There are 2 protein chains.
Amino acid sequence: MSDINDTENNNQQIKLAVDCIIFGFNDNKLELLLIKRKDNPEKGRWSLIGGIVSFNEDLDEAANRILFDLSGLENIYMEQVKTFGKVNRCSFDRIVSTTYSAMILKSRYSEDKINRYNAQWFPVTEIPELIFDHNDMVDIAIKRLRRRVRNFPIAFNLLPSKFTLPQLQALYEGILNETLDKRNFRRKVSQMNYLVRLEEKDMSESKRGAFLYRFDAGLFEKEKNFSL
Amino acid sequence: MSDINDTENNNQQIKLAVDCIIFGFNDNKLELLLIKRKDNPEKGRWSLIGGIVSFNEDLDEAANRILFDLSGLENIYMEQVKTFGKVNRCSFDRIVSTTYSAMILKSRYSEDKINRYNAQWFPVTEIPELIFDHNDMVDIAIKRLRRRVRNFPIAFNLLPSKFTLPQLQALYEGILNETLDKRNFRRKVSQMNYLVRLEEKDMSESKRGAFLYRFDAGLFEKEKNFSL
DNA sequence: GCAAAAGTGTTTTTCGTACACCCATGC
DNA sequence: GCATGGGTGTACGAAAAACACTTTTGC
């Protein structure tokens, strides 16, 4: 949660919040977008991106609105993770918070938004101490991501629409925090007909150049086989 | 959700509820405990067991309290499933509901409680039309159960503390709704050292009798290998 | 010509699956 | 003695894992 503006309104009503766990990928590492609170309470401390759910919006909509407010991105694949409801998880109010996770292309998250929202990317291995139970939220979301990324083609959200296989493998190694065998990895990829090789090569990371691929959602719908 | 007593109190505040999906096992079928609402609104319709979360209780506690109120059972393994938050999921009020699932030993659920709460067991293949989005909740909980039951030793909650391997296999077949090969099933079970065979036999279901086993939680903690 | 990253096959092991008969007992 | 459910082992194929060298090109 966050957006804690009405501490005075202690009317014995539970408030409902959403917290967004926003993953990015950079420098071969899985990263997380956090914000440093500009105001009291908890001013100056690191926090997830969150806000109170409005009376007239779906829970999912609230998550999307908050993500949009903070990143400017729309149509991002988001999934609900878990709801945190301990009485004292937030010291000054009774707020139950549902977490959602999203994966965004870090390069699309403009620098001015970073500044406006006092945001910063952190490698998941270097998450600072966060307010309330946000560190727990992060831990659970990361575990869930590692599980899901093996069985669903969601990691592509962290890459440009055209990507190379070395990039894809580095992405998986970064998310799972383990090294993968190149040949085994590529054999699996080659069975995914919805990963289509383009004629272009990306020359930026090697002299030889690596073929670019794209994820074809339409083709994926036909097979729906994914396992890495 | 349910316990919808304050429709007049439309103070633009989101209310938080918990709905419990209570699984049982009987007659080789996976069953679900439902209640027929005694009062308006939605009087006479089938519903999950649910209630409003109190200001002073943890979300998990609320789920346990509601389960206890309805089943008299304590210390039941419960897990949060998902939070449902569409604006119009409930027609007369804005209620966000978190579902929890539990597995109880049907024989321990006393008949007088069944009557007091207007409850009834339904095989999961014969769930009636439920109020609000409760059918969606049930579908999601069943899918999740089928996934988790293969990877975690949770199904034992549906059996007495001493059980036979034929019983265990029938349980899995009922939950997964598919038949399993007896020898393959038993091979996997024999690798689980925390399933300890007792000297006793259960003679009630065959002339020869079948050895009783028990699940040893302490031994499981040492290995934590489970796959069926 | 060499450094640096891209790309490619084969072997071994592990796991899942299919499958059929004997055992113990109550009647 | 036979009907009923309990209990056991093996062979095959698929998938995962281990493993090393060649290719391309900019410098």
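Quick caveat: nothing in here was measured; it's all calculated off a predicted structure. Just the heavy atoms: all of them, side chains too, but no hydrogens, waters or symmetry mates, feed the values below. Lettering follows sequence order; numbering is per chain, from 1.
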>> side chain to side chain donor-acceptor pair (under 3.5 Å), that's the test. Do B:Asp60 and B:Tyr100 meet it? Break it down for me.
In response: CA-CA 9 Å; B:Asp60 290 350; B:Tyr100 280 77; 2.5 Å; yes

> Got a sec, which residues hit side-chain contact (heavy atoms from CB on, under 4.5 Å) with A:Asn75, two or more places apart in sequence or on another chain?
Replying inline: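 Counting only residues at least two positions away or on another chain, A:Asn75 forms no side-chain contact (heavy atoms from CB on, under 4.5 Å).
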
> What residues, two or more places apart in sequence or in another chain, satisfy side-chain contact (heavy atoms from CB on, under 4.5 Å) together with A:Asp133?
Replying inline: A:Phe84, A:Arg89, A:Asp136, A:Met137

Return a table of donor-acceptor pairs under 3.5 angstrom between the side chains of residues 25-33 of chain A and protein atoms on other chains or two or more places apart.
residue: A:Asn26; atom: OD1; partner: A:Lys106; partner atom: NZ; Å: 3.3
residue: A:Glu31; atom: OE1; partner: A:Lys106; partner atom: NZ; Å: 2.7

Tell me: [atom1] of [X] to [atom2] of [N], nearest whole Å?
X: A:Gln191; N: D:dA14; atom1: CD; atom2: P; value: 13 Å
X: A:Gln167; N: C:dA6; atom1: CD; atom2: C1'; value: 13 Å
X: A:Glu205; N: C:dG7; atom1: CD; atom2: C1'; value: 16 Å
X: B:Phe185; N: C:dA18; atom1: CZ; atom2: P; value: 16 Å
X: B:Lys188; N: D:dG9; atom1: NZ; atom2: P; value: 18 Å
X: B:Glu173; N: D:dG5; atom1: CD; atom2: P; value: 14 Å
X: B:Glu200; N: D:dG6; atom1: CD; atom2: P; value: 17 Å
X: A:Leu228; N: D:dA15; atom1: CG; atom2: P; value: 15 Å

Does atom [atom1] of [X] have more than 12 heavy-atom neighbours from other groups under 6.0 Å away?
X: A:Glu178; atom1: CD; result: yes
X: B:Arg146; atom1: CZ; result: yes
X: B:Lys162; atom1: NZ; result: no

> With under 30° as parallel and over 60° as perpendicular, where do the rings of B:Phe215 and B:Phe156 fit, or are they tilted in between?
Replying inline: parallel

Between protein and nucleic acid, restricted to nucleotides 22-27 of chain D and to nitrogen or oxygen atoms under 3.5 Å apart, what atom pairs and distances do you find?
residue: D:dT23; atom: O2; partner: A:Arg208; partner atom: NH1; Å: 2.5

Pairs under 3.5 Å (N/O, protein and nucleotides 8-10 of chain C):
residue: C:dT10; atom: O4; partner: A:Arg187; partner atom: NH1; Å: 3.4

Using residues 219-228 of chain B as the side-chain source, report each donor-acceptor pair under 3.5 Å to any protein atom, sequence neighbours left out, with the distance given to one decimal.
residue: B:Glu221; atom: OE1; partner: B:Lys224; partner atom: NZ; Å: 3.2
residue: B:Glu223; atom: OE2; partner: B:Asn193; partner atom: ND2; Å: 2.9

